[in-house]
Each structure stands twice: as structure tokens, then as C-alpha cells.
Amino acid sequence: MKITLKDGSCKEYDSPLSVYEIAKDISEGLARAACAGELNGKVVDLRTIVDTDSELSILTFQDEQGKAAYRHTTSHVLAEAVKRLYPEAKLAIGPSIDTGFYYDFDCPSFDREALDKIEAEMKKIIKEGAALECFTLPRDEAIKYMTDRDEPYKVELIEDLPEDAIISFYSQGDFVDLCAGPHLMSTKQIKAFKLISSSGAYWRGSEKNKMLTRVYGTAFDKKSDLADYLDYLEDIKKRDHNKLGREMEIFTTVDVIGQGLPLIMPNGVTILKELQRWIEDIEDNEWGYVRTKTPLMAKSDLYKISGHWDHYQDGMFVLGDEEVDKEVFALRPMTCPFQYYVYKNSQKSYRDLPIRYGETSTLFRNEESGEMHGLTRVRQFTISEGHLIVRPDQMVEEFKNCLALAKHVLTTLGVGGDVTYHLSKWDPDNKEKYIGEPEVWEETEQHIRDVLTELEIPFVEDVGEAAFYGPKVDINAKNVYGKEDTMITIQWDALLAEQFDMYYVDQNGEKVRPYIIHRTSLGCYERTLAWLIEKYAGKFPTWLCPEQVRILPISEKFHEYADKVNKELKANGIRSSVDERSEKIGYKIRDARLHRVPYLLVVGQKEEQEGTVSVRSRYLGDEGAKTIDEFIAAITKEIRTKEIRKIEVEEQ
């Protein structure tokens, strides 16, 4: 048989060989590093037998699929260690993930001391170096096998498989796990790992199921890489908006108020106010939007027309019971149907379109309790919502403009390079989730695909992520822990105008259905705030800083001059304060840096006599003496242009 390798070279063999044996024939070193294989485009186990002409790549830890096999094997070692130490624990699932692996167990939670104990047992298992062996069983035998081992979660997984399925298992010594692979040849190949944390996780992700104990870990093929990653984790802990946002008094949460209902503190309000004013000004003054203000709730009748009552009711806060109450209301999860009635208030001509409605909308969504997280997943939130009512011939150009506005916002915030674009499509295998005919979905999805391609925007396609009434572009970003959230959405809607009997009169006097674009320019303000906290580690661009300047008199003799400087700054719209505490100047500087104030103005006798301030910034450090007017001119320009200055000095 002829084997074509990744580099295009060929190897010929007279008899079938495993992927591992072929790797060993190529190089002993390659065999030692091998984690899996890619055979004719499919990732396979190293034990897979090759018996026909094939294309083969040997996957090492440097390949994503190889890394996944390496970390998946480590998750099995974790499971074996837990079963050794806690025999009563029941096994659930243990996949590899982007940052390492996890395993879910039905057992009491683990504290750090317990995780350290499990780590020590894992090291013993790795040192023992048991070979991983794969075997298969018919479905009925597999169910009995796991029933006899008292692993109910594994039995449930097997029962979900087809009757004629052949089920694969992997053993390492006495430990056996249900698994499709691939895996390393031996546990001894694992060079470096660390258990990171333990948390709760519902079985199969549903809060209707039992809460399990999830253990997260990571693994690398080099100890130095593991050390670097652990240093990285320490850094992102410092950036975590849930921690940093509270430390900076940007937001807090209170149990008696409820999950997903954060309290925005004055510092956070200052940032959100700057963002909201900016967004509303550019939408209205530069992009042609008009403002609406609509109710926070509506009768169920409205949501029945839109389709949300049938397709989204579980995600809504419903006030009342239709079987008992004459009128049932619900807090709004979106603004679109409200703005449609603004449109319908008067007859529109083709000359009136496009109409671009904008609203800073407070919305409510009944998220599951297990999904709540800081500011990124909340039950009440505010978005820069907009709906464009357009003629069909205007749709493509207006859609492009919505993308352009979104890119402008992201670029201004300094996060334009941190996002990915997704074409979120319907799922034709679950048509009951959507309204409209298949040909409408195919046509609208192709329109979006063509727009993204024309604009040379790289994108991926996600089946089943569309809204129930139309496909969309989701602009996503990852938080510091790698979880991806949607930041901005732009939806193509060719269906809801029909349901709301929306029309315009064309040049022939005929009534025509408009198209609708649902979009955000900034997205959810709370989620954006979380993103910015993590992006900048709290060191926001000056225009967003809750406190932009702190004036530091070197003694109380200069309080009067400091107050004079402060008044001039405030008169020019600069957020400033005076530190009049009787502390040494070094302490005051350190404290201001700790609070991430971008500009410090030290004032003493010389500054008072010369009408200057001694400027220290996070950007250049000691910037020397400047007149008050010079400083005000420079900082107001920086704020007005929303400049993102590079930090050149270490602040803390």
C-alpha cells in the first residue's frame, strides 16, 4: 500500500500497519511525539490500522487535534485518580477543550486541598505508564458492562445511541471509560499538567438535571509551557471583570436583589453614560437615526403577533396567567415590535424610506440561573438597539452601513481586532423553530454571505444560531477565560413586516412590504463594559475613565492652588479631583496609580508661582511641567478624539 504523507512524500508497505507503526517507521522521535493521526482527512487513533492507499498526517501536540488527544487522555487520568481516591464518585463526561480539559463527577465538590491530592494521584498513574487499549462492545453488552460497574451516567449516554451501534471503550490498567478516542498510547507520555479549579455543572447542561462537580485542568508537552500558561492564568484573574469590576467599584451584586441583576456603581455609570451619549450622537448625527422611547412591557397580544409568544416565551418574564387574568403582560425581551407601531402610526411612501429607528433599550430575558455571570450574562440589560425599515432595493446597502457602523464603534473602542464574524443560519432540520419558507431563508442567507464576501470580512457559518425570523451576522468576542459571547448583532428580516401588516406606498401607488434590519451598534452596554474592563485591565482610554485627573498638592499650603486647577479642569468637562489628605506625595501617587487614574498633576510652590502643573501620566511617566492651558488643551483633544494612547510605563 502507498501512504502519502503531509509533506507530499510517499511511503510504501507490503502489509497493513497501525498509524503508530508508520510514525515509528518514519522516525522514532516522531513516534514518541505522536498523539493521533489524520487519515484521509479524518482524525483517528494511533492504533488505527491502515490497509489501503491513504493520505496520512501524524499529529503531535503542535497540532490542535493532537493537543486535543493529549488533553483528553489527561482527563482519563483525572477520572482514574478520582475513582481511586473516591470510589463512590460516578463518572459523567470528560472532554478536551480549548484551554485544556474537564471531567464531570457525581460526588461532593472538591476544594483546593482535594485537587492537590488528586494531582498527586494522577502523577502516580502517569508514572505507572499503563498502556491505553481500545475495545468495543455491542450496545446491549455495553449497557450491561457499565451497569455492572455502577456508572449510571455512562449507561444513559449509551442508551441514547442507536440500537445497532458498536460502542468503544478505553482501558488503562484496571480503569475503563466509555470513549470514542483518540488517545495517547500510554499515560507515561503526559509530561506536564495542572488541575485549575472545581465548580458545579448541570448534567447535560440542563438545570432540570442534577448538579455535578466539574474539575477543570490543563496539560502541555513541556513543563515550561505549563509554567507560562499558569502565569497567564494569574494575569487573566487580575483582568476578570467579575473581580476587577468590583474592586474598582464599577458594579456589584446583592443576593436579595437577585442573580443577573447587577447594581451599577457611580464609576460604572460614568463609563456607561459616556458610551451611551457617544453612540446616540453618532447614530443620530452621522448615520441618520431618529430616537424612539417605548414601554418596558406589553400585553401578550403583541408578542403573539411577532411570534415571540410561540418561539421565545420561555425566555420572557410573564406577568400573569392567561387562564386566570383578563390581560397578561410580559417584560420586553426586544424592542422591534414596539418600533413597528411607531412606523405604522402614519402611512409611509417609498420616498420616506429608509427610516432608521434607534433606541437605548432596557430589556429583560429570563436566563437560566446557571448562565448568570457578572455583567456578561444578566437578566436586565441595556442595548443600542435599532430597526431600519427599508425598501428591498435598499436592503444590501443599508446592511453594509450597519456593518460599517459596527466596525467604526469597535475600532474606536480599540477592540476591532478582537472579534470574529459569524453568519448565523437557520437549521433546516428543525423547521418548527422558525417562521417563513425555506426559499426565503436560503435567499436571505445568501445575501448576507455575498455582503461579507464583498466586504472581505472573514466569517464562519453557524447552523441553528439564527433568530426565528431571519439570519444574522453575529460579531463575537472572547472573555479572558476564552468563552465567546455575541457583542453586536445585525439581522436580515424579510418576514415580520407581513405579520405586522407593515407597508409603504410605492411609485405606482401600490402597497409593498418593506424589509427590516434589526441591529445593534454597540450591543449590550453591560457586556461591553465587562469586555472593556478585561481588555484594558481597568486602565481605560482617558475618555472613558471615571476619574481622568487627580491633583496632588505636596502639602496643605497648596490646597488653594490645587482647587483652582480643579475648577478650571471641571469647567472644561474633565473629571478631576484633589487629594487633600495629609499623606506623603509618594503615597498619593501610588494610590492614584492603584485607582488607575491616567493623569496625575503634582502641584507645589514652583507650580503655583509659575501657573503650571507637574504632569505624570500612565503613558509617558513624568511628562514635566506644563501650563494649565497646555494641559487642558492636550487632554481635551485626547478625550474629544477618543485617542487610545499606548502605555509606556509600568504603573504599579
Q: Could you verify whether a donor N or O on one side chain and an acceptor N or O on the other, from Gln491 and Tyr469, lie under 3.5 Å apart?
A: yes

Q: Measure the CG-OG distance between Asp104 and Ser199 for me, rounded to the nearest 0.5 Å.
A: 8.0 Å

(Q) Checking the side chain of Lys154 only, and the main-chain atoms of Ala92 only, is there a donor and an acceptor separated by less than 3.5 Å? (A) yes

Donor-acceptor contacts under 3.5 Å from residues 426-433 side chains, at least two apart:
from   : atom 1 : to     : atom 2 : distance (Å)
Asp427 : OD1    : Asp429 : N      : 3.0
Asp427 : OD2    : Asn430 : ND2    : 2.5

(Q) Within the 4.5 Å heavy-atom criterion, are Glu119 and Lys194 side-chain neighbours or not? (A) yes

Q. Do we get Arg71 above Phe220's six-membered ring, with its NZ or CZ under 6.0 Å from the centre and within 45° of the axis?
A. yes

Q) So do the side chains of Lys478 and Lys483 get within less than 4.5 Å of each other, counting heavy atoms only? A) no

(Q) With a 6.0 Å cut-off (strictly less than), is the heavy-atom count around NZ of Lys24, excluding the residue itself, greater than 12? (A) no

Q) Under the 3.5 angstrom rule, does the side chain of Arg527 hit a backbone N or O of Leu375 as a donor-acceptor pair? A) no

Q | Under 3.5 Å donor-acceptor, Thr73 side chain and Leu184 backbone | A | yes

(Q) Rounded at 0.5 Å granularity, tell me how far CE in Met146 sits from CD1 in Ile167. (A) 10.5 Å

**Q.** 4.5 Å side-chain heavy-atom contact, Ile93 and Tyr102
**A.** yes

Q) With a 4.5 Å limit on heavy-atom distance, are the side chains of Lys83 and Glu121 in contact? A) no

Q: Please test Phe364 against Phe381 for ring pair (Phe, Tyr, Trp, His ring centres under 6.0 Å), starting from the C-alpha separation and ending with a verdict.
A: CA-CA 7 Å; Phe364 305 86; Phe381 55 95; 8.2 Å; no

Q) Is a donor on one side and an acceptor on the other found under 3.5 Å between the side chain of Glu156 and the backbone of Pro152? A) no

Q: Measure the CG-CD distance between Asp240 and Glu247 for me, rounded to the nearest 0.5 Å.
A: 9.5 Å

Q. Mind checking whether Arg32 and Thr60 have side chains closer than 4.5 Å, heavy atoms only?
A. no

Q) Is the number of heavy atoms from other residues, nucleotides or ligands under 6.0 Å of Asp314 CG greater than 12? A) no

**Q.** Side-chain heavy-atom pair Asp418, Trp531 within 4.5 angstrom cut-off
**A.** yes

Q) Would Tyr70 and Phe61 count as a close aromatic pair, with their ring centres under 6.0 Å? A) yes

Q: Measure from the side-chain N and O atoms of Ser206 to the backbone N and O of Lys208, and report whether any donor-acceptor pair falls under 3.5 Å.
A: yes

Q: Could you pull out the closest heavy-atom pair between Tyr536 and Gly414, with the gap in Å?
A: OH-CA, 3.5 Å

(Q) Return the CD1 to CD distance between Ile250 and Glu526, rounded to the nearest 0.5 Å. (A) 13.0 Å

Q) Is it true that a side-chain atom of Glu465 and a backbone atom of Lys425 form a donor plus acceptor pair closer than 3.5 Å? A) no

Q | By side chain to side chain contact (heavy atoms under 4.5 Å, CB included) - contacts of Pro138 (at least two apart) | A | Glu141

Q | Ser186 side-chain N/O to Gly129 backbone N/O, donor-acceptor pair under 3.5 Å | A | yes

Q: Count the heavy atoms belonging to other residues, nucleotides or ligands that lie under 6.0 Å from NZ of Lys144, then report whether that count exceeds 12.
A: no

Q: Inspect the surroundings of CD in Glu159 and state if more than 12 heavy atoms from other residues, nucleotides or ligands are less than 6.0 Å away.
A: yes

Q.
Once ring-ring contact (aromatic ring centres under 6.0 Å, His included) is applied, do any residues pair with His373, and if so which ones, sequence neighbours excluded?
A. His241

Q: Would you name the heavy atoms of Pro16 and Ile49 that are closest together and state the gap between them?
A: CB-CG2, 3.8 Å

(Q) What verdict does the ring pair (Phe, Tyr, Trp, His ring centres under 6.0 Å) test give for Tyr145 and Phe169, after you've listed the backbone C-alpha separation in whole Å, the side-chain angles of each residue and the deciding distance to 0.1 Å? (A) CA-CA 10 Å; Tyr145 186 79; Phe169 297 83; 5.4 Å; yes

(Q) Atom CG of residue position Asp255 - does it have more than 12 heavy atoms of other residues, nucleotides or ligands inside 6.0 Å? (A) no

Q | From CD1 (Ile3) to OH (Tyr13), nearest 0.5 Å | A | 7.0 Å

Q: Starting at NZ of Lys42, measure out to OG of Ser54 and round the result to the nearest 0.5 Å.
A: 12.5 Å

Q) Is Arg139 salt-bridged to Asp164, going by a charged N under 4.0 Å from an acidic O? A) no

Q | Over 12 non-hydrogen atoms of neighbours within 6.0 angstrom of CD in Glu113 | A | no

Q | Close aromatic pair by centroid cut-off 6.0 Å: His311 and Tyr434 | A | no

Give the table of side-chain donor-acceptor pairs shorter than 3.5 Å for residues 227-234, with sequence neighbours excluded, one pair per line with atom names and distance.
from   : atom 1 : to     : atom 2 : distance (Å)
Tyr232 : OH     : Val480 : O      : 3.4
Glu234 : OE2    : Lys237 : NZ     : 3.4

**Q.** The single option from Asp474, Asp462, Thr486 passing side chain to side chain donor-acceptor pair (under 3.5 Å) against Ser424
**A.** Asp474

(Q) Is any side-chain heavy atom of Leu85 closer than 4.5 Å to one of Lys117? (A) yes

Q.
Can you list everything that forms a side chain to side chain contact (heavy atoms under 4.5 Å, CB included) with Ser109? Sequence neighbours excluded, please.
A. Thr213

Q. For the rings on Tyr103 and Phe105, is their centre-to-centre separation under 6.0 Å?
A. yes

Q. Just wondering, do Leu137 and Ile166 contact through their side chains at under 4.5 Å, heavy atoms?
A. no

Q.
I'd like to know whether CG of Asp98 has more than 12 heavy-atom contacts from other residues, nucleotides or ligands below 6.0 angstrom.
A. no

Q | Side-chain donor or acceptor of Thr74 paired with backbone N/O of Ala219 under 3.5 Å | A | no

Q: Verify the distance criterion only: is there a donor paired with an acceptor across the side chains of Asp45 and Tyr170 at less than 3.5 Å?
A: yes

Q) Is there a side chain to side chain contact (heavy atoms under 4.5 Å, CB included) between Leu195 and Val215 once you walk through the steps? A) CA-CA 7 Å; Leu195 299 185; Val215 178; 4.2 Å; yes

Q. Is a donor on one side and an acceptor on the other found under 3.5 Å between the side chain of Ser27 and the backbone of Leu30?
A. yes

Q. Step by step, would you call Thr187 with Glu80 a side chain to side chain donor-acceptor pair (under 3.5 Å)?
A. CA-CA 11 Å; Thr187 61; Glu80 181 178 2; over 6 Å; no

Q) Does Leu5 offer a backbone N or O that forms a donor-acceptor pair with the side chain of Ser9 under 3.5 Å? A) no

Q: Identify the heavy atoms of Ala89 and Val82 that sit nearest to each other, and give their distance.
A: CB-CG1, 3.9 Å

Q: Applying side chain to side chain contact (heavy atoms under 4.5 Å, CB included), run through Glu151 and Lys90 and close with a yes or a no.
A: CA-CA 6 Å; Glu151 296 291 358; Lys90 306 304 177 191; 4.0 Å; yes

Q. Between His72 and His183, what is the ring plane arrangement, given parallel below 30°, perpendicular above 60°, and tilted in between?
A. tilted

Q: Provide the full list of salt bridge (Lys or Arg N to Asp or Glu O under 4.0 Å) pairs with a residue in residues 54-67, sequence neighbours left out, each pair given once.
A: Lys6-Asp63, Glu64-Lys67

